[in-house]
Amino acid sequence: MTALVYLEQTDGAVDEPSLQAATMASSLGGGAEVHAIVAADTAALAPAGQLPVDAVQVAVHEAFGSYAPLAVAEAVVELAGRLGATCVVGPGTERGNEVLAHVAALLDLPLAANCVAVAVADADARVTRVRWGGSLLEEARVDAPTLLLTVQPHAVAAEPGAGDPPSVETFTPTLSEAALALRVVERVAAATGGVSLADARVVVSGGRGAGSEEGFAPIEELAELLEAAVGCSRAVTMAGWRPHTDQVGQTGTKIAPEIYIACGISGATQHMAGCKGAKRILAINADREAPILQSADYAVIGDLHEVVPAISAAIRAARSG
Ligand SMILES: Cc1cc2nc3c(=O)[nH]c(=O)nc-3n(C[C@H](O)[C@H](O)[C@H](O)COP(=O)(O)OP(=O)(O)OC[C@H]3O[C@@H](n4cnc5c(N)ncnc54)[C@H](O)[C@@H]3O)c2cc1C
């Protein structure tokens with residue numbers, strides 16, 4: 001059996017989730033030969049350090065100077081074909097999942113994303129994978145001639161290779177015009193107002209209950225007083241009231257503040273998947289039956305347009321007194 005693992009790297013250093021994916025690939029059993037592929041715009045960017053793989057192939061192309069998911073996928077498919085790989089593994093990061101999804105589409109095969117365990121015996125492949133933002137584990141049998149999977153970050157600990165350092169070779173992949181058209185051309189830093197949502201110690205978040213873009217004014221005011229980041233639910237980003245960078249949840253940012261103040265948010269599973277790392281939750285909701293109250297440590301039942309300004313006023317009064 002030959003496995004191919006796709007590694008993401010930053011300036012020659014392989015990212016931690018990719019090292020974990022390589023560790024999972026090397027544990028597939030049956031004396032699997034493990035090759036790694038990295039994409040770079042220069043051969044000088046071969047990954048350094050000990051890796052748990054037998055060989056590293058650097059796919060070199062000028063397109064890889066920025067993120068080009070379909071082009072990377074084409075390089076992976078080309079190398080997998082050349083090696084006769086029966087398993088292709090990637091990190092379960094946003095980009096790793098995107099690249100492997102393109103690989104699956106190009107090969108017309110299923111992809112098992114976000115796996116935490118894999119058992120391969122002869123032609124039988126069984127995976128356990130994370131679904132619904134971590135709220136359930138699914139066990140599945142993958143019926144495909146080539147097993148495609150991504151590894152949920154932190155499902156396994158990254159282990160360095162035990163034997164000789166892997167051999168390193170380079171190749172120039174053949175890329176289609178269409179693949180070259182899909183790439184990152186510019187990076188614009190998110191306007192976070194100084195406090196990053198992912199790192200904030202306090203997050204004040206608004207949901208559909210805020211009512212409108214303007215309805216976030218009291219939420220922003222409270223956030224400023226508490227030096228907090230402003231978050232929101234997907235109902236809000238879908239309505240265009242706040243940018244996607246503010247969204248908390250399964251398809252947004254995962255947060256772990258000291259306290260999460262959720263205003264007018266019902267507490268859907270997909271939202272809670274993003275804030276379950278919060279040490280305390282204060283829910284402000286007009287409905288005492290709202291699901292978020294089951295996860296909340298504190299709750300105020302009422303109209304957020306009255307409750308939130310009252311909290312801000314009380315903070316100001318306490319500070320001036
Ligand atoms: C694949 C998938 C991924 C998803 N990913 C995410 C995600 O990452 N993040 C996310 O948030 N959602 C996500 N969702 C959507 C999620 O299922 C919910 O639809 C969404 O979280 C609901 O947002 P909400 O709580 O703001 O709105 P609602 O569910 O409409 O709740 C509004 C709440 O506001 C309260 N309210 C109304 N008026 C007031 C008022 N004046 N004062 C106080 N309270 C008031 C109501 O009682 C209610 O509890 C996803 C869904 C799917 C299918």
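Heavy atoms only: backbone and side chains are in, while hydrogens, waters and symmetry mates are out. Ligands are counted one by one from 1 in listed order, and the atoms in each one are counted from 1 as well.
- Residue-level proximity to ligand 1 for Ala268 is carried by the side chain, the only part with a heavy atom below 4.0 angstrom.
- Side-chain contact of Asp15 with Thr10: a donor-acceptor pair under 3.5 Å is present, judged by distance alone.
- Using a 4.0 Å cutoff on heavy atoms, Gly274 does not count as a contact of ligand 1.
- Not a single heavy atom of Gly211 sits less than 4.0 Å from an atom of ligand 1.
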When the side chains of residues 84-105 are checked against the rest of the protein, which donor-acceptor pairs come out under 3.5 Å, sequence neighbours left out?
from	atom 1	to	atom 2	distance (Å)
Thr86	OG1	Thr2	O	3.4
Thr93	OG1	Glu8	OE1	2.9
Thr93	OG1	Glu8	OE2	3.4
Thr93	OG1	Gly96	N	2.9
Asn97	OD1	Thr150	OG1	2.6
Asn97	ND2	Thr93	O	3.4
Asn97	ND2	Asn114	OD1	3.2
Glu98	OE1	Tyr67	OH	2.7

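- At least one heavy atom of Asn285 lies less than 4.0 angstrom from ligand 1.
- Taking every non-hydrogen atom of Asp303 and a distance limit under 4.0 Å, the qualifying atoms of ligand 1 come out as 40 (C), 41 (N), 42 (N).
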Enumerate, atom names and distances included, each donor-acceptor pair closer than 3.5 Å involving a side-chain atom of residues 300-321, sequence neighbours excluded.
from	atom 1	to	atom 2	distance (Å)
Asp303	OD1	His305	N	2.9
His305	NE2	Ala210	O	3.2
Ser312	OG	Val308	O	3.4
Arg316	NH1	Glu221	OE2	3.2
Arg316	NH2	Glu221	OE2	2.8
Arg319	NH1	Leu225	O	3.1
Arg319	NH2	Leu225	O	3.1
Ser320	OG	Arg316	O	3.2
Ser320	OG	Ala317	O	3.2

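- Annotation: atom 17 (O) of ligand 1 to nearest protein heavy atom, Gln270 OE1, 2.8 Å.
- When heavy-atom distances to ligand 1 are checked against a 4.0 Å cut-off, Val248 comes that close only through its backbone atoms N, CA, C and O.
- Contact record, Gly215 with Ile219: O-CD1, 4.3 Å, taken as the closest heavy-atom pair.
- Put simply, atom 21 (O) of ligand 1 has protein non-hydrogen atoms near it, under 4.0 Å away.
- Distances from atom 44 (N) of ligand 1 to the heavy atoms of Gly209, Ala286, Ser266, Gly302 show the closest one on Ala286.
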